[in-house]
Enquirer: 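Have a look at the structure that comes next, please.
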Amino acid sequence: MKKILVTGAKGQLGSELQVLAPNYPQFEWVFTDKEELDLCDLGHLETELAVINPQIIINCAAHTAVDRAELEFELSDVLNHQAVVVLAQWSHANDCKFIHVSTDYVFDGTAATALTETADPNPINVYGVTKLAGEKSCLQENPNAIIIRTSWVYSRFGNNFVKTMSRLMQERDSLNVVNDQIGSPTYAADLAQAIMSIMIHTHWQAGIYNFSNEGEISWYQFALAIKEIGGFDCEISGIPSSAYPTPARRPQYSLLDKSKIKNSFGVVVPDYKVSLMKCMGLL
C-alpha cells in the first residue's frame, strides 16, 4: 500500500483531500500541517520525511497571504521556495512521486488569451516571485515531479472570497468589487479530485499542468454569481483595481488553459457556476 504525505492539510486543498481520502482506501494517508511537519524547519525536514517515508508527496503548503507576503519575503521564500527544494530533493533521491501546487500569480497579467503551461512567467508580487522560484527548483531537483498551477481557490474550508462575499452581502446593503482582473475560480474540491485522477492514472507524466474551473470572469462577475446563487439582497458595483489599492499588485489577466491536464489524465473540469452551487450547498 502506497503511503501519501499531504502537507498543508488544514488549508483549503488539504482539507478537501481529507474529505476524499476515505474513497481511496488503496492508499495510506498521512496528513500534516505545521504542527506535525514544520516546513520552515529546513534543518530537520529531511529527517522528518525519512521517518514518514512516503511514496507520494502532495505539497499543498504555501504562504498564500499575498499582501502580507510583500512584508514577509523571508517567510514566503522559505515556505514557497526553500522547503520545496528539500521536498523535491528528498522525493527524487527516494523514488517518491511529488505533486507540487503552484499559482497563476507566476504571470504578470498582460496576456489576452488563456495561458498555457509554456507561457513565459513574469511575477509582479512577492508571492508570485517565491512561487516561481519554487517551481523552478522543483523541476531542477526532481525532473519527475508534477506541478499544478491553479487560481482563485475557494472551498467550504478556511477563509476565501466566497465565504467573505456571502458574509458581507448579508451584513451590507452594497459592495464594490474589482471588475478588471480576469481569470477563473477554482473550487478546491475539484482540484482535489483532479489530483486523485492523476494519482490513479496508469501513466505518470511529469511537468507543469494548469487547473481551474471553466469560465472567464472578473471578481465582480464572481460576486454577482455568489449573490444570485445565495439569494442575497445586496447591490454589487464593479470598480477598477486602481480604486482599491492593495500592497501587492495582482495580474489583470490570468485565465489558465486546461487542455493539457484534460488530455494527459482525463481530468474533468466543471463549470465555475456548477462548482459554486455545490460549494454553497445547492447541488
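Since the model is a prediction, treat every value here as computed from it, not as a measurement.
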Enquirer: Could you walk me through whether Glu135 and Val106 pass side-chain contact (heavy atoms from CB on, under 4.5 Å), step by step?
Expert: CA-CA 9 Å; Glu135 282 190 11; Val106 299; 3.7 Å; yes
Enquirer: Any idea which heavy atoms bring Ala223 and Val177 closest together, and the distance?
Expert: CB-CG2, 3.9 Å
Enquirer: Could you check whether Lys131 pairs with Asp104 (Lys NZ or Arg NE/NH1/NH2 to Asp/Glu carboxylate O, under 4.0 Å)?
Expert: no
Enquirer: Applying side-chain hydrogen bond (donor to acceptor under 3.5 Å, both in side chains), which residue pairs with at least one partner in residues 190-207 are found, sequence neighbours left out?
Expert: Tyr24-Gln193, Asp190-Asn213, Asp190-Ser275
Enquirer: State, to 0.1 Å, how close Val86 and Leu42 come at their nearest heavy-atom pair, and which atoms those are.
Expert: CG2-CD2, 4.3 Å
Enquirer: Restricting to side-chain hydrogen bond (donor to acceptor under 3.5 Å, both in side chains), what partner residues turn up for Lys2, sequence neighbours left out?
Expert: none
Enquirer: Would you say that Thr64 contacts Tyr127 through its side chain, given a criterion of any heavy-atom pair below 4.5 Å between the two side chains?
Expert: yes
Enquirer: Would you please test Leu5 and Leu37 for side-chain contact (heavy atoms from CB on, under 4.5 Å) and show each step?
Expert: CA-CA 10 Å; Leu5 166 64; Leu37 183 66; 4.0 Å; yes
Enquirer: Do Thr150 and Val101 come close enough that some side-chain heavy atom pair is under 4.5 Å?
Expert: yes
Enquirer: With the side chain counted from C-beta on, respond yes when Pro143 and His92 share a heavy-atom pair under 4.5 Å apart, and no when they do not.
Expert: yes
Enquirer: Which pairs with one or both residues in residues 107-123 pass salt bridge (charged side-chain N to carboxylate O under 4.0 Å, His left out), sequence neighbours excluded?
Expert: none
Enquirer: To the nearest 0.5 Å, how far apart are SG in Cys138 and CD1 in Ile208?
Expert: 8.5 Å
Enquirer: Applying ring-ring contact (aromatic ring centres under 6.0 Å, His included) to Trp152 and Tyr154, what does each step give before you reach the verdict?
Expert: CA-CA 7 Å; Trp152 301 16; Tyr154 70 94; over 10 Å; no
Enquirer: Of all the heavy-atom pairs spanning Pro121 and Phe107, show the shortest one and how long it is.
Expert: CA-CD2, 3.8 Å
Enquirer: Sequence neighbours excluded, which residues qualify as side-chain hydrogen bond (donor to acceptor under 3.5 Å, both in side chains) partners of Asn144?
Expert: none
Enquirer: May I ask you to test the Phe27-Lys3 pair for a side-chain heavy-atom distance under 4.5 Å?
Expert: no
Enquirer: Under 4.5 Å between any side-chain heavy atoms of Leu75 and Cys40, yes or no?
Expert: yes
Enquirer: Checking Asp33 now: which residues fulfil side-chain contact (heavy atoms from CB on, under 4.5 Å) with it, not counting sequence neighbours?
Expert: Lys10, Glu35, Glu36
Enquirer: Once ring pair (Phe, Tyr, Trp, His ring centres under 6.0 Å) is applied, do any residues pair with Tyr209, and if so which ones, sequence neighbours excluded?
Expert: Phe265
Enquirer: side-chain contact (heavy atoms from CB on, under 4.5 Å) for Ile217 and Ile182? Distances and angles first, verdict last.
Expert: CA-CA 6 Å; Ile217 60 171; Ile182 306 299; over 6 Å; no
Enquirer: Looking at Lys262, I'd like to know if its NZ atom is crowded, meaning that more than 12 non-hydrogen atoms belonging to other residues, nucleotides or ligands lie closer than 6.0 Å.
Expert: yes
Enquirer: With rounding to the nearest 0.5 angstrom, report the CZ to CD1 distance, Phe232 to Ile229.
Expert: 10.0 Å
Enquirer: For residues 50-63, which residue pairs qualify under side-chain hydrogen bond (donor to acceptor under 3.5 Å, both in side chains), counting only residues two or more places apart or in two chains?
Expert: Thr7-Asn59, Asn59-His100, His63-Glu72
Enquirer: Which value, rounded to the nearest 0.5 Å, describes the distance between Leu39 atom CG and Leu87 atom CG?
Expert: 6.0 Å
Enquirer: Check side-chain hydrogen bond (donor to acceptor under 3.5 Å, both in side chains) between Arg249 and all other residues, then give those that pass, not counting sequence neighbours.
Expert: none
Enquirer: Is there a side-chain contact between Asn80 and Asp77, using heavy atoms and a 4.5 Å cut-off?
Expert: no
Enquirer: Between Leu79 and Ala83, which heavy-atom pair has the shortest distance, and what is it?
Expert: O-CB, 4.0 Å
Enquirer: Output all residues satisfying side-chain hydrogen bond (donor to acceptor under 3.5 Å, both in side chains) with Trp219, sequence neighbours left out; order by chain, then residue number.
Expert: Gln181
Enquirer: Within the 3.5 Å criterion, strictly below it, is a donor on Glu70 or Asn125 matched to an acceptor on the partner's side chain?
Expert: no
Enquirer: With salt bridge (charged side-chain N to carboxylate O under 4.0 Å, His left out) as the rule and sequence neighbours excluded, what pairs involving residues 155-165 come up?
Expert: Glu16-Arg156
Enquirer: Could you measure the distance from the CG atom of Asp271 to the CD atom of Glu214? Nearest 0.5 Å is fine.
Expert: 7.5 Å
Enquirer: Which distance, rounded to the nearest 0.5 Å, do you find between the OG of Ser102 and the CG of Leu132?
Expert: 7.5 Å
Enquirer: Evaluate salt bridge (charged side-chain N to carboxylate O under 4.0 Å, His left out) for Arg250 paired with Asp180, printing each intermediate quantity in order.
Expert: CA-CA 10 Å; Arg250 266 70 169 173; Asp180 58 359; over 6 Å; no
Enquirer: Closest approach of Ser242 and Pro245, non-hydrogen atoms and distance?
Expert: O-CD, 3.9 Å
Enquirer: Could you measure the distance from the CD1 atom of Ile261 to the NZ atom of Lys258? Nearest 0.5 Å is fine.
Expert: 10.5 Å
Enquirer: Looking at every non-hydrogen atom in both residues, tell me the closest pair between Val178 and Ser241 and how far apart they are.
Expert: CG1-OG, 3.4 Å
Enquirer: Does a side-chain heavy-atom distance below 4.5 Å link Leu49 with Ile57?
Expert: yes
Enquirer: Side-chain donor-acceptor pairs under 3.5 Å in residues 167-176, sequence neighbours left out?
Expert:
| unit_1 | atom_1 | unit_2 | atom_2 | d |
| --- | --- | --- | --- | --- |
| Arg167 | NH1 | Glu171 | OE1 | 3.3 |
| Gln170 | NE2 | Ser166 | O | 2.9 |

Enquirer: Would you call Ile58 and Leu17 a side-chain contact if the rule is heavy atoms closer than 4.5 Å?
Expert: yes
Enquirer: Can you pull out every side-chain hydrogen bond (donor to acceptor under 3.5 Å, both in side chains) where at least one residue sits in residues 225-237? Sequence neighbours excluded, please.
Expert: Glu228-Lys273
Enquirer: In sequence, state the C-alpha distance, the side-chain angles, and the governing distance for Asn142 and Ser91, and then conclude on side-chain hydrogen bond (donor to acceptor under 3.5 Å, both in side chains).
Expert: CA-CA 7 Å; Asn142 187 349; Ser91 59; 2.8 Å; yes
